[in-house]
Structures are given as structure tokens and as C-alpha cells.
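Inspection log for the structure reproduced underneath, given as C-alpha cells.
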Amino acid sequence: MSRARISCRTYGNFALGACPGAPDANPKTTIAVLDPLSLAVVDEIKLSQAIVARTIVTTYKGQIYAYLSGTKTLMRVRWDPEAKKLTEDTAWAPAYLLEGQGPGAAPAAVGKWIIANSNANPSKTVPICAFAVSQDDPNVSSRLCPWGEKLPVRGASTSNTLASFSTDPENSLIFMQDWLVPGIFAVHIDQTTGEMKVKWQRDDITMGDYFVGIGPADKRVLLTQNVIDNTPAKAFAEDSNYQETLMWLDEKTGKTLAQGAPTPATTSGSLINIGYGGRVYMMGTQGSIFIYQVAPCSGGVYIPKSLGGSTCPSTPSPSPSPSSGAG
């Protein structure tokens, strides 16, 4: 008896969505709860679908829920800490994908709404959309597709994301991105009705990783990566052969406040890490760590000369002082 072999050179969680037959060929996912000290399995159940992305856990009306993006529907699992029991809530299983879209990355929560994206498994027919559904009623939902509902679009023939949408519940905002289709969008969600509308967009930014918001709600700054120029999909998926820059945006308007100099690619699927004293840390794919710090700027927005010049002088960021060895 001969056995066919399918070759796939994709590794890690990329393989769950990108290898031949994925995601339909993936086995159904088992979810487990572990004791935090001993790591012993407290309870585990096999779900009705395969999951290719991270899980989020939230509390709502006194219940502890895990939300997951399945290959067909969103899923909800209830954790009962007293009975130490997991239960899949099969009555809450809203269909969140348009025909042709791939399963999404991890969902996000904004008030009573669960926000899902799509195309963590790449699609060549339909771009990413935002899907908002009520935790109270899976039949109450809304959808927003700012890139449209058909590929190719904006010069891209494939749509893909590695990260969930980022959210700012205090300001009722959702931030949308696509790794291969240019443009990012700030979306306002009405936390009463679930209606979503684009607040602002930046067509000159391409990123598929996580946004980070810093500062108080009325003066919040949004940090985002931006891939330099039009990078072919092969450079993303196989060898990370591209450059990117880090940008600080006014969250209310999308206006650029500062921008870092271009660097080699950073690790996909990782957060923009905020450190002490306003520093920002990013992990490079070749083993480097990139450290950013916004410099004082009296003349306006700082943009490196390599990206078109600056309206104020470049001020060197302070560096750690070497230890003198004095006791």
C-alpha cells in the first residue's frame, strides 16, 4: 500500500493555516485548564471545531468565558471555577466569516461585544472584515468591510493577518490591519447597538501585527509598525526580507506624531513592548533588539531624513551609562 506525502515547509502556528488542506484537515482542538502551580490538568474538553489562533478569556455578568475563532463559527467556552468544569456553549456560535474568508485570529472584547477578524488563514478572494456580536445574543451582530469584499484590492491579491484587532474600550475604538493589503483603519463602535463606522484611515500604512495604545484616554497615542514600500508576500512568509518603521499616531485623528528610522524586519506576531521612561522595544528576526525613544521636537513632527526629512532636528536618545564598578 502506498501512502501519499504532502510537503509543507511552513512551521509553527503558520502551518495550522497555511499548509495544504489547512484548516479543514486540522484535528478538532482540545482546550484545557491547568493548575497554575503544578500545571496538572484540571479539566479538558474536545471542541467541535479546529482553532488556529489564540484564545481570549473574559468575565461577563459574573461568568468566565473563553472566546475562540473557529473554522466555521465563533465559539464560547464557559469555565465554572467551583465545579472545575469546562463547557462549550453550543447555543452561542455565530457565523462570522464571509464565503472565501479564512478563520480569524484571536477575538477581542469591547463591553458586551466580541470583535472578530478573519484571514489568519490567508484568503485570495475576500479581504478582512470586522464582525461584532453580542455576548447576550449571538443573533445580534454587525459587520464592517472597509477594504471591500473582493480581492485583488489596493494592489494586493492576498489578505492575511497574524494578530487580532486592537481595541480601546474607553474610547469605543477598534483598530484594523492587514499584513498584505495597504491601509489601517480606526473604527468607532456604538457600544449600545454594535454599529461600526470608520473614524479615520491611513492608506499609507501597511501592518499586520499588534497596535499599542499609551497615555490617558483623552490624549491617547497609538503605536503601529509600517512596512516600507510594497513588500511582496513571499518576503513576509518565507524570509522576512523587508524593512519597517515604528510610528506614533494621534489616536483621535490618525495624525503622525513621530516616526522611527527604518529597521530590518521584527518578529511577526509579537507585541510592541513599552518600557520605562518612554522607551519602546522591538525584537528583530535576526536576533537584534531595536530600542526607540521619542526625542524632544520643538518644530513639529519628527520624521527621519531617510523617510523624507524632518521638521525638527534629530536629538539622540539617551543611552544607559556603563557601570563604573564603584561600590
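Note that these values count all heavy atoms, side chains included, but never hydrogens, waters or copies made by symmetry.
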Inset, instruction - Check Pro138 against Ala93 and note the closest heavy-atom contact, atom names and distance. - result: CB-N, 4.3 Å

Inset, instruction - Indicate yes or no for a side-chain donor-acceptor contact from Ser123 to the backbone of Gly100 under 3.5 Å, with no hydrogens or angles considered. - result: yes

Inset, instruction - Using the side-chain contact (heavy atoms from CB on, under 4.5 Å) rule, take Gln225 and Ile272 through it: C-alpha gap first, then chi angles, then the decisive distance, then the call. - result: CA-CA 8 Å; Gln225 296 155 266; Ile272 298 170; 4.1 Å; yes

Inset, instruction - Give a yes or no on whether a salt bridge exists between Lys255 and Asp250, defined as a side-chain N under 4.0 angstrom from a carboxylate O. - result: no

Inset, instruction - Please lay out, stage by stage, how Asn119 and Ser159 fare under the test side chain to side chain donor-acceptor pair (under 3.5 Å). - result: CA-CA 6 Å; Asn119 295 350; Ser159 169; 2.9 Å; yes

Inset, instruction - Return yes if some donor-acceptor pair links the side-chain N/O of Asp43 with the main-chain N/O of Val33 below 3.5 Å, else return no. - result: no

Legend entry - Step-by-step side chain to side chain donor-acceptor pair (under 3.5 Å) determination, Lys124 to Thr158: CA-CA 5 Å; Lys124 293 183 178 296; Thr158 305; 3.0 Å; yes

Legend entry - Cation-pi, Phe131 ring and Arg143 (6.0 angstrom, 45 degrees): no

Inset, instruction - Could you walk me through whether Ile45 and Thr87 pass the side-chain contact (heavy atoms from CB on, under 4.5 Å) test, one step at a time? - result: CA-CA 8 Å; Ile45 58 173; Thr87 306; 5.8 Å; no

Inset, instruction - Report yes or no: does Ser38 contribute a side-chain atom to a donor-acceptor pair with the main-chain N or O of Ala40 at less than 3.5 Å? - result: yes

Legend entry - Main-chain N/O of Ile128 paired to Gln101 side chain as donor or acceptor, under 3.5 Å: no

Legend entry - Check: Tyr65 and Tyr60 side chains under 4.5 Å, non-hydrogen atoms: yes

Inset, instruction - Apply side-chain contact (heavy atoms from CB on, under 4.5 Å) to the pair Lys28 and Leu47, showing each step before the final yes or no. - result: CA-CA 6 Å; Lys28 294 177 181 179; Leu47 301 177; 5.8 Å; no

Inset, instruction - If the plane angle is over 60° it's perpendicular, under 30° parallel, otherwise tilted; pick one for Trp248 and Tyr292. - result: perpendicular

Inset, instruction - Apply side chain to side chain donor-acceptor pair (under 3.5 Å) to Gln243 and Thr263, showing your working. - result: CA-CA 5 Å; Gln243 287 194 316; Thr263 65; over 6 Å; no

Legend entry - Interatomic spacing from CD1 in Ile64 to CG in Asp80 - rounded to 0.5 Å: 8.5 Å

Legend entry - Sidechain-backbone polar pair: Thr167 side chain, Pro169 backbone, donor-acceptor under 3.5 Å: no

Inset, instruction - Keeping the roles fixed (side chain from Thr59, backbone from Gly62), state whether a donor-acceptor pair exists under 3.5 Å. - result: no

Inset, instruction - Step through the shown structure and confirm whether more than 12 heavy atoms of other residues, nucleotides or ligands are within 6.0 Å of CG on Leu39. - result: yes

Inset, instruction - State, with a plain yes or no, whether a side-chain heavy atom of Met247 is found less than 4.5 Å away from one of Ile205. - result: yes

Inset, instruction - Could you tell me which non-hydrogen atom of Leu151 sits nearest to which non-hydrogen atom of Ala156, and how far apart they are? - result: CD2-O, 3.8 Å

Inset, instruction - Measure the spacing between OG of Ser142 and CD1 of Ile189 and express it to the nearest 0.5 Å. - result: 6.0 Å

Legend entry - Derivation and outcome, side chain to side chain donor-acceptor pair (under 3.5 Å), residues Glu251 and Asn171: CA-CA 10 Å; Glu251 189 187 85; Asn171 289 312; 3.2 Å; yes

Inset, instruction - Locate the shortest heavy-atom distance separating Ser164 from Asn117; write the atom from each residue and the value. - result: CA-ND2, 3.8 Å

Inset, instruction - Mind checking the CZ-CG spacing from Arg202 to Leu222? Nearest 0.5 Å is all I need. - result: 10.5 Å

Inset, instruction - Check Gly277 against Gln293 and note the closest heavy-atom contact, atom names and distance. - result: O-NE2, 2.6 Å

Legend entry - Note: Glu88-Arg78 ion pair, threshold 4.0 Å (strictly below): no

Inset, instruction - Indicate yes or no for a side-chain donor-acceptor contact from Thr245 to the backbone of Gly260 under 3.5 Å, with no hydrogens or angles considered. - result: yes

Legend entry - Closest contact, heavy atoms only, Gly104 versus Tyr96: N-OH, 3.0 Å

Inset, instruction - Walk me through it: do Thr266 and Glu244 pass the test side-chain contact (heavy atoms from CB on, under 4.5 Å)? - result: CA-CA 8 Å; Thr266 57; Glu244 62 183 59; 2.6 Å; yes

Inset, instruction - Would you mind checking if Asp190 and Lys197 are paired as a salt bridge, meaning a charged N to carboxylate O distance below 4.0 Å? - result: no

Inset, instruction - From the options Leu68, Thr55, Ile56, Val133, select the one residue that forms a side chain to side chain contact (heavy atoms under 4.5 Å, CB included) with Pro107. - result: Ile56

Legend entry - Test applied, side chain to side chain contact (heavy atoms under 4.5 Å, CB included); reference residue, Trp179; option that passes from Asn160, Thr206, Asp209: Asn160

Inset, instruction - Locate the shortest heavy-atom distance separating Gly102 from Leu97; write the atom from each residue and the value. - result: O-CD2, 3.3 Å

Inset, instruction - Mark yes or no for whether Gln49, through its side chain, and Thr73, through its backbone, hold a donor-acceptor pair below 3.5 Å. - result: yes

Inset, instruction - Mark yes or no for whether Arg154, through its side chain, and Pro182, through its backbone, hold a donor-acceptor pair below 3.5 Å. - result: yes

Legend entry - Geometric class of the Trp92/Tyr67 ring pair [parallel <30°, tilted 30-60°, perpendicular >60°]: perpendicular

Legend entry - Sidechain-backbone polar pair: Ser134 side chain, Val140 backbone, donor-acceptor under 3.5 Å: no

